[in-house]
Amino acid sequence: MQAFADRAAINETMQTGLATFYSRSRGGRWCKGETSGHFINVHQLFTDCDRDSIIYLSDPIGPACHTGARTCWFKEAQLAPAEGPSGGSSSSSSAVAHEGAHDHSDHVPRTTLQALERTISQRREALSQPSDGSKPSWTARLLSNPELLCKKIREEAGELCQTLEANEGRERAANEMADLMYHSMVLLNLQGVEMEEVLRVLRKRFTQSGIEEKAARAPKQQPPQ
């Protein structure tokens with residue numbers, strides 16, 4: 001989301017850890033979530049080089065947008081031909097058209113991992129539709145065969161380790177890591193786990209010793225005999 005803030009709002013944000021802004025319509029401070037309960041927990045603040053804009057690196061509780069959408073950025077801007085004098089389209093000029101609404105999740109900007117996650121979800125949704133007789137995608141095959149999926153994850157993890165053991169270079173390591181991440185994300189989809197949950201776990205570990213964190217984990221459940 002985007003909002004205005006003055007010095008007092010920024011100070012309050014840093015003191016409370018909750019995203020606070022200056023509301024022009026209310027003429028005063030506004031802590032996001034005071035009315036809706038959708039607070040935004042702020043972890044870090046960054047300013048740009050000119051110090052005229054600030055980013056709150058945060059973890060929202062509920063949707064960020066007042067429409068109920070997860071993000072305020074859901075309208076995609078595209079160039080559309082402008083009408084000429086006779087009513088037809090003019091090739092010399094164009095207008096900006098906006099497509100998308102808060103209830104259309106396809107019209108939101110996504111990071112690379114989020115875009116891949118969405119593609120995997122679409123492949124899974126397609127499995128519930130009648131087959132058109134075409135050859136299934138590799139993702140669909142993995143989703144339909146957990147044994148094959150786990151086999152590939154173990155295989156890709158081994159190949160990633162091999163890039164270090166055999167000194168195969170940076171490009172090979174990047175490719176093998178991409179393979180491992182893709183196959184692992186297919187497994188997460190089958191278990192109903194979103195990448196944001198994984199990233200949230202990683203963020204929590206930033207200020208904690210890895211040894212202490214692992215020792216504090218609940219013991220793994222033993223498989224039934």
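No hydrogens, no waters, no symmetry mates; every other heavy atom, side chains included, goes into these values.
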Asker: Sort and list the pairs that fulfil salt bridge (charged side-chain N to carboxylate O under 4.0 Å, His left out) and have at least one residue in residues 182-191, not counting sequence neighbours.
Answerer: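 Found none.
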Asker: Keeping the roles fixed (side chain from Asn41, backbone from Ser58), state whether a donor-acceptor pair exists under 3.5 Å.
Answerer: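 Checked: no pair found.
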Asker: Please, which pairs that meet salt bridge (charged side-chain N to carboxylate O under 4.0 Å, His left out) have at least one residue in residues 119-130, sequence neighbours excluded?
Answerer: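 Sorted result for residues 119-130: Arg118-Glu125.
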Asker: Is Glu12 reaching over with its side chain to a backbone N or O of Ala9, donor-acceptor style, under 3.5 angstrom?
Answerer: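 No; zero donor-acceptor contacts below 3.5 Å.
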Asker: Which value, rounded to the nearest 0.5 Å, describes the distance between Glu176 atom CD and Glu159 atom CD?
Answerer: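 CD of Glu159 is found 4.5 Å from CD of Glu176.
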Asker: Calculate, to the nearest 0.5 Å, the distance between atoms CD1 and OH belonging to Ile120 and Tyr182 respectively.
Answerer: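 It is 6.5 Å, given to the nearest 0.5 Å.
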Asker: Output all residues satisfying side-chain contact (heavy atoms from CB on, under 4.5 Å) with Gln44, sequence neighbours left out; order by chain, then residue number.
Answerer: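 If we apply the side-chain contact (heavy atoms from CB on, under 4.5 Å) test to Gln44, skipping adjacent residues, the hits are Phe46, Leu57.
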Asker: Testing the 3.5 Å rule here: is there a donor-acceptor pair between the side chains of Thr139 and Ser137?
Answerer: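 There is no such pair between these side chains.
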Asker: What's the spacing between Gln2 CD and Ser53 OG if we round to 0.5 Å?
Answerer: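 Result: 9.0 Å between the selected atoms.
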Asker: With no hydrogens and no angle check, is any side-chain donor or acceptor of Thr20 less than 3.5 Å from a backbone partner on Leu18?
Answerer: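 At least one qualifying donor-acceptor pair exists.
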Asker: Just to verify, what does Tyr22 make a side chain to side chain donor-acceptor pair (under 3.5 Å) with, not counting sequence neighbours?
Answerer: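 Applying side chain to side chain donor-acceptor pair (under 3.5 Å) to Tyr22 gives none.
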Asker: Please give me the minimum heavy-atom distance between Lys32 and Phe39, naming the atom from each residue.
Answerer: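 Reported closest heavy-atom pair: O-CD2, 3.2 Å.
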Asker: Taking side-chain contact (heavy atoms from CB on, under 4.5 Å) as the test, write out the residues that go with Asn167, two or more places apart.
Answerer: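 So Asn167 forms no side-chain contact (heavy atoms from CB on, under 4.5 Å) with any residue.
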Asker: Step by step, work out the side-chain contact (heavy atoms from CB on, under 4.5 Å) result for Lys204 and Val201.
Answerer: CA-CA 5 Å; Lys204 288 181 179 178; Val201 170; 5.9 Å; no
Asker: For Asp179, enumerate each residue passing the side chain to side chain donor-acceptor pair (under 3.5 Å) test, keeping only those at least two apart in sequence or located in another chain.
Answerer: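 In terms of side chain to side chain donor-acceptor pair (under 3.5 Å), with neighbours along the sequence ignored, Asp179 is linked to no residue.
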Asker: Return the set of residues passing side chain to side chain donor-acceptor pair (under 3.5 Å) with Arg141 (not counting sequence neighbours), or none when no residue passes.
Answerer: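 Checked Arg141 against side chain to side chain donor-acceptor pair (under 3.5 Å); zero matches.
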Asker: Salt bridge between Glu194 and Arg200, side-chain N to carboxylate O under 4.0 Å?
Answerer: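 Between Arg200 and Glu194 there is no salt bridge, as every charged N stays at least 4.0 Å from the carboxylate O atoms.
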Asker: Closer than 3.5 angstrom, by distance alone: can the side chain of Asn189 be matched with the main-chain N or O of Val193 as a donor-acceptor pair?
Answerer: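 No, because the side chain of Asn189 does not come within donor-acceptor range (under 3.5 Å) of the backbone of Val193.
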Asker: Does Leu127 CG have over 12 foreign heavy atoms under 6.0 Å away?
Answerer: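 Yes.
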Asker: Could you state the interatomic distance from CH2 (Trp73) to SG (Cys65), rounded to the nearest 0.5 Å?
Answerer: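 Separation between the atoms: 10.5 Å.
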Asker: For residues 145-154, which side-chain N or O atoms pair as donor and acceptor with protein atoms under 3.5 Å away, sequence neighbours left out?
Answerer:
{"from": "Asn145", "atom 1": "OD1", "to": "Glu147", "atom 2": "N", "distance (Å)": "3.3"}
{"from": "Asn145", "atom 1": "OD1", "to": "Leu148", "atom 2": "N", "distance (Å)": "3.0"}
{"from": "Lys152", "atom 1": "NZ", "to": "Glu155", "atom 2": "OE2", "distance (Å)": "3.0"}

Asker: As an exercise, state the distance from CG of Asn175 to CE of Met177, rounded to the nearest 0.5 Å.
Answerer: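 Atom-to-atom, Asn175:CG and Met177:CE are 12.5 Å apart.
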Asker: Test of understanding: with side-chain contact (heavy atoms from CB on, under 4.5 Å), list the residues that count as partners of Leu113, not counting sequence neighbours.
Answerer: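 For Leu113 the side-chain contact (heavy atoms from CB on, under 4.5 Å) partners, ignoring immediate neighbours, are Thr111, Met181, Met185, Met195.
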Asker: Kindly write out the residues that satisfy side-chain contact (heavy atoms from CB on, under 4.5 Å) with His43, not counting sequence neighbours, or none if the list is empty.
Answerer: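 Expected list: Asp59.
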Asker: Apply the hydrophobic cluster definition, ILVMFWY joined by side-chain contacts under 4.5 Å directly or through others, and give me every member besides Tyr56.
Answerer: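 When side chains under 4.5 Å apart are linked, the cluster holding Tyr56 also contains Met1, Ile10, Met14, Phe21, Trp30, Ile40, Val42, Leu45, Ile54.
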Asker: Kindly compute the distance separating CD (Glu171) from OG1 (Thr163), expressed to the nearest 0.5 Å.
Answerer: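 Going from the CD atom of Glu171 to the OG1 atom of Thr163 covers 12.0 Å.
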Asker: Give the cluster check for Leu190 versus Leu188: same hydrophobic cluster or not, with ILVMFWY residues linked at side-chain heavy-atom distances below 4.5 Å.
Answerer: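 Yes.
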Asker: Considering residues at least two apart in sequence or located in another chain, which fulfil the side chain to side chain donor-acceptor pair (under 3.5 Å) criterion with Glu34?
Answerer: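 With neighbours one apart ignored, the set is Arg29.
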